[in-house]
Amino acid sequence: MEMRYSFGGDDHIFVEVDEAMSLDAFFKSLSMTNAVRESAIKGVTEICPANASYQIRFDPDLISPNDMLAELKRLESAAGTGDRTLSTRTLEIPVYYNDPWTHETLMRFRERHQEPTGTDLEYAARVNGYASVPEFIQAHSGAPWFVSMVGFVAGLPFMYQMVEREKQIEVPKYLRPRTDTPKLTVGHGGCFGCIYSVRGAGGYQLFGVTPMPIYDPKQEVSYLRDFMILFKPGDIVKFKPVDRDGYDEAIELVNAGRFEPIIRPVKFSLDEFHANPAATSKKVLGALHGV
């Protein structure tokens with residue numbers, strides 16, 4: 001579809017990139033917001049990329065709404081002729097799947113779930129055609145995830161699995177949201193994965209928990225001292241399953257200020273991904289360990 005522009009008062013423009021969630025839509029939204037940032041348009045005060053849309057806030061005393069719209073359309077036209085590559089980062093996130101804390105939480109809220117007699121992992125495995133929970137966990141952790149946006153709750157990443165469309169993990173949200181979700185829960189709703197940056201309400205299925213803080217407003221965590229939020233749109237995530245010992249060891253390192261997340265630069269090509277998703281994912285994941 002063509003991009004749809006709409007004004008929000010006299011100081012916002014909202015742009016809908018596509019009606020469907022896809023890697024192409026996320027990539028275009030991210031490319032456009034990067035282009036706005038690099039263009040340094042006078043009067044722009046906030047740039048907010050989202051899953052298949054973005055929003056620009058501007059000072060109407062410095063640039064009129066119509067002139068702002070013209071600038072965005074100019075950038076859209078230029079973006080259509082460029083290559084679809086992104087210099088970004090790949091991050092490894094340890095996950096303790098089927099941990100006792102998210103398990104206790106999901107069992108407290110079974111009356112709000114589609115299958116009250118099972119667990120979220122069992123339900124997700126079944127609706128996605130996997131024979132067992134370990135097989136499902138392998139699929140969840142075996143492919144990279146593209147961070148399409150960060151927000152809704154401070155620091156929370158929305159992630160889209162980088163596999164062929166027919167292999168996408170898709171799980172409906174709870175029938176009614178929970179009033180509690182542990183901090184750092186790895187969840188899933190619809191086609192999106194996420195990590196709950198803080199404790200609170202939520203409706204995504206609960207798969208596990210990471211020991212790795214992703215949001216620290218006090219900036220006391222060693223790798224979050226420069227900025228309180230770990231993720232950026234465009235990041236590529238690899239989940240690494242760990243057991244209870246691995247989880248506890250990571251927690252000790254975090255508390256001692258010695259946890260070193262694995263983060264590596266990588267160049268991602270959307271066209272290469274479409275041509276060969278498996279090879280592109282292997283290349284992205286190999287960058288984590290210098291392969």
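- Partner Ile236 forms a side chain to side chain contact (heavy atoms under 4.5 Å, CB included) with one of Thr88, Leu285, Leu91 and no other, that one being Thr88.
- Ring geometry for His113 versus Tyr174: interplanar angle over 60°, hence perpendicular rather than tilted (30 to 60°).
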What do the steps show when you test Tyr97 against His140 for ring-ring contact (aromatic ring centres under 6.0 Å, His included), and what is the final call?
CA-CA 10 Å; Tyr97 288 93; His140 186 269; 5.6 Å; yes

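- Taking a 6.0 Å sphere around CZ of Phe7, one finds it holds more than 12 heavy atoms contributed by other residues, nucleotides or ligands.
- Residue pairs meeting the side chain to side chain donor-acceptor pair (under 3.5 Å) criterion with at least one partner in residues 189-203, sequence neighbours excluded, are Arg178-Tyr196, Asp180-Arg199.
- Counting only residues at least two apart or in different chains, side chain to side chain donor-acceptor pair (under 3.5 Å) contacts with residues 141-161 comprise Asn51-Ser148, Tyr160-Arg165.
- A perpendicular orientation is assigned to the rings of Tyr130 and Phe136, their planes being inclined by more than 60° (bins at 30° and 60°).
- Side-chain atoms of Met32 and Tyr54, non-hydrogen and from C-beta on, do get closer than 4.5 Å to each other.
- A salt bridge does not link Glu92 to Arg264: none of the charged nitrogens lies less than 4.0 Å from a carboxylate oxygen.
- With hydrogens and angles disregarded, no donor-acceptor distance shorter than 3.5 Å links the side chain of Thr185 to the backbone of Gly187.
- When all heavy atoms of Thr102 and Gly208 are compared, the pair lying nearest together is CG2-O, 3.6 Å.
- No donor-acceptor distance shorter than 3.5 angstrom exists from the side chain of Thr90 to the backbone of Leu288, with no hydrogens or angles considered.
- Judged by distance alone, the side chain of Thr280 and the main-chain N or O of Glu272 form a donor-acceptor pair under 3.5 Å.
- Listed for the Ser53 side chain is no donor-acceptor partner under 3.5 Å among the backbone atoms of Pro49.
- Two residues are said to be in side-chain contact when any heavy atoms from C-beta on lie closer than 4.5 Å; Ile195 and Tyr215 fail this criterion.
- Ring planes of Tyr204 and Phe158: perpendicular class, angle over 60° (limits at 30 and 60°).
- In this structure, Thr33 contributes its side chain and Ser29 its backbone to a donor-acceptor pair below 3.5 Å.
- Of the candidates Thr117, Asp120, Thr119, Arg110 forms a side chain to side chain donor-acceptor pair (under 3.5 Å) with just one, namely Asp120.
- Counting only residues at least two apart or in different chains, side chain to side chain donor-acceptor pair (under 3.5 Å) contacts with residues 246-259 comprise Arg244-Asp248.
- In this structure, Ala52 and Ala20 approach most closely via the heavy-atom pair CB-O, 4.1 Å.
- Judged purely by atom type and a 3.5 angstrom limit, Ser281 has no side-chain atom pairing as donor or acceptor with the backbone of Pro144.
- For Tyr123 against Pro172, the heavy-atom pair with the smallest separation is OH-CG, 3.3 Å.
- In this structure a side-chain-to-backbone donor-acceptor pair under 3.5 Å is present from Asn128 to Ala124.
- Residues Val284 and Val266 approach most closely at CA-CG2, 4.3 Å, considering heavy atoms.
- When every heavy atom of Arg84 is checked against every heavy atom of Asp271, the shortest pair comes out as NH2-OD1, 2.7 Å.
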